[in-house]
Amino acid sequence: MLRRKGAKLFIGAVLTVLIAVSGIYGFTLGGKDDAASNIVYNRHSASLDQMESEGANPAGGRSYRVSPSHMLSDLPIVAAKEAYGYEDGAIHLRKGDSFEAAFDVAEEGEYTLSFDYFVLAEGLQATEISIQVNGEYPSPEARRFVLPPLWISGTDDFPKDRYGNEVMPTQLRADEWQTIQLADSTRMNPEPMTIKLNKGINRIKVALVNGEMLSGSLTAASPTRWPSYAQYSARHADRAEAEAVLMIKEAEKPDFKNDTTINPLPSRDLGVNPYETNLLLLNTLGGKTWDQSGQTVYYEIEAERDGLYQIGVKYKQDDKPNSRVFRTFTIDGQVPFAEAKNYPFDYTASWKTEVLQGEQGPYRFYLSKGKHRIGIMADASPYYDVMQTLLNSIRQANDLALEIRKLAGNDADQNRDWEITEYVPTLREDLLGIAQALSEEYERALALNGGRGSSKGLTAMKMAVGSLEKLAAEPNLIPRRLNELNGGSGSVTQNLSNAILDFEMQPLTIDQLYVSNPNATLPEHRASWFGSVYEGTKQFFHTFWKPRNPASHEGPTLSVWMNRPRNYMELLQRMVDEQFTPQTGIEIQFSTLPNEQRLTLAAASGIAPDLALGISNGIPFDLGFRGAALDLRQFEDFGEVIEPISPGAIVPLVVNDQVFGLPETQDFYVLFYREDMLESLNIPVPDTWSDVIEIMPELQRYGMNFYTPIAGATGTKPFMATAPFIYQAGGDMFGRDAFETGLDSKESLEGIELMTNLFRLYGLQMQVPVFYEHFRTGKMPLGIGNFATYIQMQVAAPELKGAWKIAPAPGIERDGEVVRWEPGSAQVSMIFNDTEHPDEAWQFLKWWLSTETQATFANQLQTLYGKEYLWNTANHEAFKQQFWPEEDKQVILEQWEWLREVPKTPSSYMIERELSNIWTKVVFDGENIRSTVEEAVNEINKETIRKMEEFGYMRQGEVVAPYRVTTIEDVESWVKGRDGN
């Protein structure tokens, strides 16, 4: 169980991985995607200067360590040999396990916590712990810390694609013990998290929230200071400078990194080493893949003798115009002196070699003879105080907007005069107070940026201050101009959010790292004018050459059209070349599909590919109904392949028990809610539609509303918006078969009545162009959203980090259970009927949709392009292995248990249209529900007869061929062939 591949055992040595006070940083879930931590307005951790000024740190110099053998736990101790060389032994923790450490403290005071750990969880699954001190969480971030592993490249040399270009190698976990000092969840606070320990016995409980790990010792120590460079230099004054030596490390090949998203990048710049005219080489590192605070790369060097060395970096910073970025340097996990933290790199569009230096000249780093590890960490902590003020200002602006909405509503009458200051007498002073605080922080940020005020973040701050001052000048007009304070484009809160995003980003691209004697001349790679012209000419003529063909295989070649961005296709092509083709001998040739409607034309003209991936879920039905798609149920292992997929997602891909496609990705519809606003308004999170109806008066009292996808649909309301109400009420779209509709059943009528009454009687807003914007501004603090909304909130709403959550969609309680049917189809895959290699095509489709491949693809996608590239695979087992916030993952999995799509028939489009018409006539025209449904049923029946006669299922109104409507129960019976087929 503890077996690891390629283990390196470091006996008795605990390696430091991240940086805070002693070169280490702590994490909470997801970094920039973290939805689990609370809003960081008042952090528990404080600076050392503040603690000393308050007399709260009398514990100077004390340290207490509790080894695994002295932990209070029922879990067995793993011996050193099985614990990867950890001499004290270790505790093997799985999700839900915990232990306690008792510290006998001599002096009351503030202490930092350091924790030794060895990650056992595979893939990108987060390993998370919580910390309790004397039975309580000492701070919000103590509820969830992520323990990051170190990552190494799976090969020393970059692999090449079929055209000779270098591609990213596989990344593996480094099998090393690590030490983390628990720190701010945002990875931006320059100080570690501190906890107060009382004199005497203190119990600290460590619980594993997620993942699997080995736990080593827990250490509590008083905070320490870094020495200044002057102190560091004086300490090593008797050391000799290193003699002639120049060690060069290619930046694109770090020995370790703490985040898989830090990637090498290709550059065609002649000033970069290495370089080839006709090939794309991964010859630089970082850029926008290395821009989040806490992301660290490590380079190992071998010093031949003791001495003082200088460190240089060849870099370019053109991803963040007119802005400085910061890096923190460590030697063997420790910040050697204060000036090595927050080292600035100025904006430059060309390559520049920077020797680390201060006012007194280049810094001299002491290295003893032997191996050393140099760490370079992206560091946004200089902006920590600035961002705290920005977050506080957003909170205050949101609070003021909420108070005004309580009085005036969301849509204030533009012709009405307000005396809003009578109700909020301090409104003007509050706005000017926010503006003043922002102005002061603007000056701080301006100094950090070297006096250049044209950066995106500083510009946004300045615009926010100007807007606040304008609003404060005429406070009684604010109800009409509320969007300028808290709204869409150009509002105060949006500008402050943009500023936060800008300050958080710390991109830097590096080519080489130099460690040399202080007098060494560092290499410069500058292309001459003639060299640039010569290379440009070679590149031009190279465009006329055909790229190298991949090596041929004896097996067949399948043509696959993929309806996804090119980077997705290239990643899958690489996975196929590395894994699928060598194992099977089947070669895959991918092509992008710019317009999926071409599939119908291709099938009709006989030039269809063997397979299509990433297409809309309606296409397999249309093609299969016309004989152009292959029935997948003919394969013996079909039931095993569909087992990890929601049965309700397969239903629309079936025609008379023939399955013409399989889900590739899966959407989800869940309840999004603003936890901060609901708590402020004392409104509970609704679990049923009855709960929604109950809270509507309170929401509308403050000019707010609830969102359903019906409001987001313009024109015809699709099944995804209307069908859930029918299914939740126990109704159906069809009767006994596809020749009759079930809209006029008692249960369906109940669902239609609820669907229309929500708007007609209870005041749900009828049209909402973009739910995300209304949710973000607080106009709709809760509503039903999908995967797209989730991505938007994770990536584009930093001001709401920790202020929103998701829950299962509301449903209807029936027989003691809340029925929550919602749609969830996304993209699907299919095989064309005229393929010459059906068995090979099925073999590829099985491989692509398998748990292992889907999990690997998802992890690689995030590894290469960032954690915001979430892959919503339809394979539930693969989804469980992905790097999603665990709390959100469980909500999504629960909702997927209620995934149900509408079966497709030749006339199902008419049911969809008439159900939309029913909603429109009842809500807008006030027509009677029952009579409207009867009219709709008549129209549906006429169209059903016409379409069924067209396709040969009826003749003169009589059924001549059966057409079954597939149910979820049917699909469930196919799993592992339980239906006997």
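Side-chain atoms are counted along with the backbone in the values below, which use heavy atoms only and exclude waters and symmetry mates.
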Any idea which heavy atoms bring [X] and [Y] closest together, and the distance?
X	Y	result
Pro808	Leu671	O-CB, 3.7 Å
Asn617	Leu653	O-CD2, 3.4 Å
Asp502	Lys320	O-NZ, 2.5 Å
Tyr669	Gln895	O-CG, 3.3 Å
Pro823	Glu901	CB-OE2, 3.3 Å
Gln862	Tyr869	CG-O, 3.2 Å

Keeping [X] on the side-chain end and [Y] on the backbone end, is there a donor-acceptor pair under 3.5 Å?
X	Y	result
Thr756	Val923	no
Thr127	Gly211	no
Glu596	Ser616	yes
Gln792	Phe787	no
Asn705	Gly763	yes
Arg674	Phe775	yes
Gln494	Leu485	no
Ser646	Ala649	no
Ser680	Met677	no
Gln728	Trp821	yes

When rounded to the nearest 0.5 angstrom, what is the spacing between [atom1] in [X] and [atom2] in [Y]?
X	Y	atom1	atom2	result
Glu570	Met562	CD	CE	10.5 Å
Phe668	Thr789	CZ	OG1	8.5 Å
Thr722	Ile911	OG1	CD1	10.5 Å
Phe771	Met780	CZ	CE	8.0 Å
Asn486	Thr777	CG	OG1	5.5 Å
Ile831	Leu623	CD1	CG	13.5 Å

[X] and [Y]: side-chain donor and acceptor closer than 3.5 Å?
X	Y	result
Arg913	Tyr909	no
Lys889	Asn210	no
Glu886	Gln890	yes
Tyr790	Asp888	yes
Trp847	Glu852	no
Ser850	Thr853	yes
Thr851	Asn875	yes
Trp290	Gln506	no

Would you say the side chain of [Y] lies within less than 4.5 Å of the side chain of [X], judging by non-hydrogen atoms?
X	Y	result
Val902	Glu912	no
Pro903	Val654	no
Leu613	Leu593	no
Ile615	Val828	yes
Thr592	Trp561	no
Gln295	Asp291	yes
Gln666	Gln827	no
Met720	Pro709	yes

Please report whether the ring centroid of Trp896 lies less than 6.0 Å from that of Phe879.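 Yes; Trp896 has its ring centre under 6.0 Å from that of Phe879.
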Step through it carefully: locate the ring centre of Trp689, locate the ring centre of Phe725, and say whether they are under 6.0 Å apart.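 Centroid separation for Trp689 and Phe725: below 6.0 Å.
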Is Lys805 salt-bridged to Asp676, going by a charged N under 4.0 Å from an acidic O?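 The answer is no: the pair does not qualify as a salt bridge.
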Are the charged groups of Arg564 and Glu664 less than 4.0 angstrom apart, N to O?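 Judged by the 4.0 Å cut-off on N to carboxylate O distance, Arg564 and Glu664 do form a salt bridge.
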Mark yes or no: Arg900 above the aromatic ring of Tyr727, with NZ or CZ under 6.0 Å from the six-membered ring centre and no more than 45 degrees from the axis.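 Relative to the ring axis of Tyr727, which defines the angle, Arg900 lies inside both limits.
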In this structure, are over 12 heavy atoms from other groups packed under 6.0 Å from [X] atom [atom1]?
X	atom1	answer
Glu694	CD	no
Lys456	NZ	no
Lys846	NZ	yes
Arg760	CZ	yes

Run the side chain to side chain contact (heavy atoms under 4.5 Å, CB included) test on Leu496 and Ser393 for me, step by step, so that the C-alpha distance in whole Å, both residues' side-chain angles and the decisive distance to 0.1 Å come before the verdict. CA-CA 8 Å; Leu496 297 182; Ser393 299; 3.7 Å; yes
Criterion side chain to side chain contact (heavy atoms under 4.5 Å, CB included) on Leu915 and Lys717, from CA distance to verdict: CA-CA 8 Å; Leu915 186 55; Lys717 311 299 180 183; over 6 Å; no
Mind running side chain to side chain contact (heavy atoms under 4.5 Å, CB included) on Leu754 and Ile693 for me, showing each step along the way? CA-CA 10 Å; Leu754 171 63; Ile693 292 171; 4.2 Å; yes
Check the pair Met704, Ile683 against side chain to side chain contact (heavy atoms under 4.5 Å, CB included), reporting the backbone distance first and the verdict last. CA-CA 12 Å; Met704 301 174 188; Ile683 293 176; over 6 Å; no
Does Leu571 have any side-chain contact (heavy atoms from CB on, under 4.5 Å) partners at least two apart in sequence or in another chain, and if so, which?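 Met575, Phe857, Gln860, Leu861, Leu864.
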Please assess Gln767 against Thr714 for the test side chain to side chain donor-acceptor pair (under 3.5 Å), listing each intermediate value before the final yes or no. CA-CA 8 Å; Gln767 290 191 348; Thr714 58; over 6 Å; no
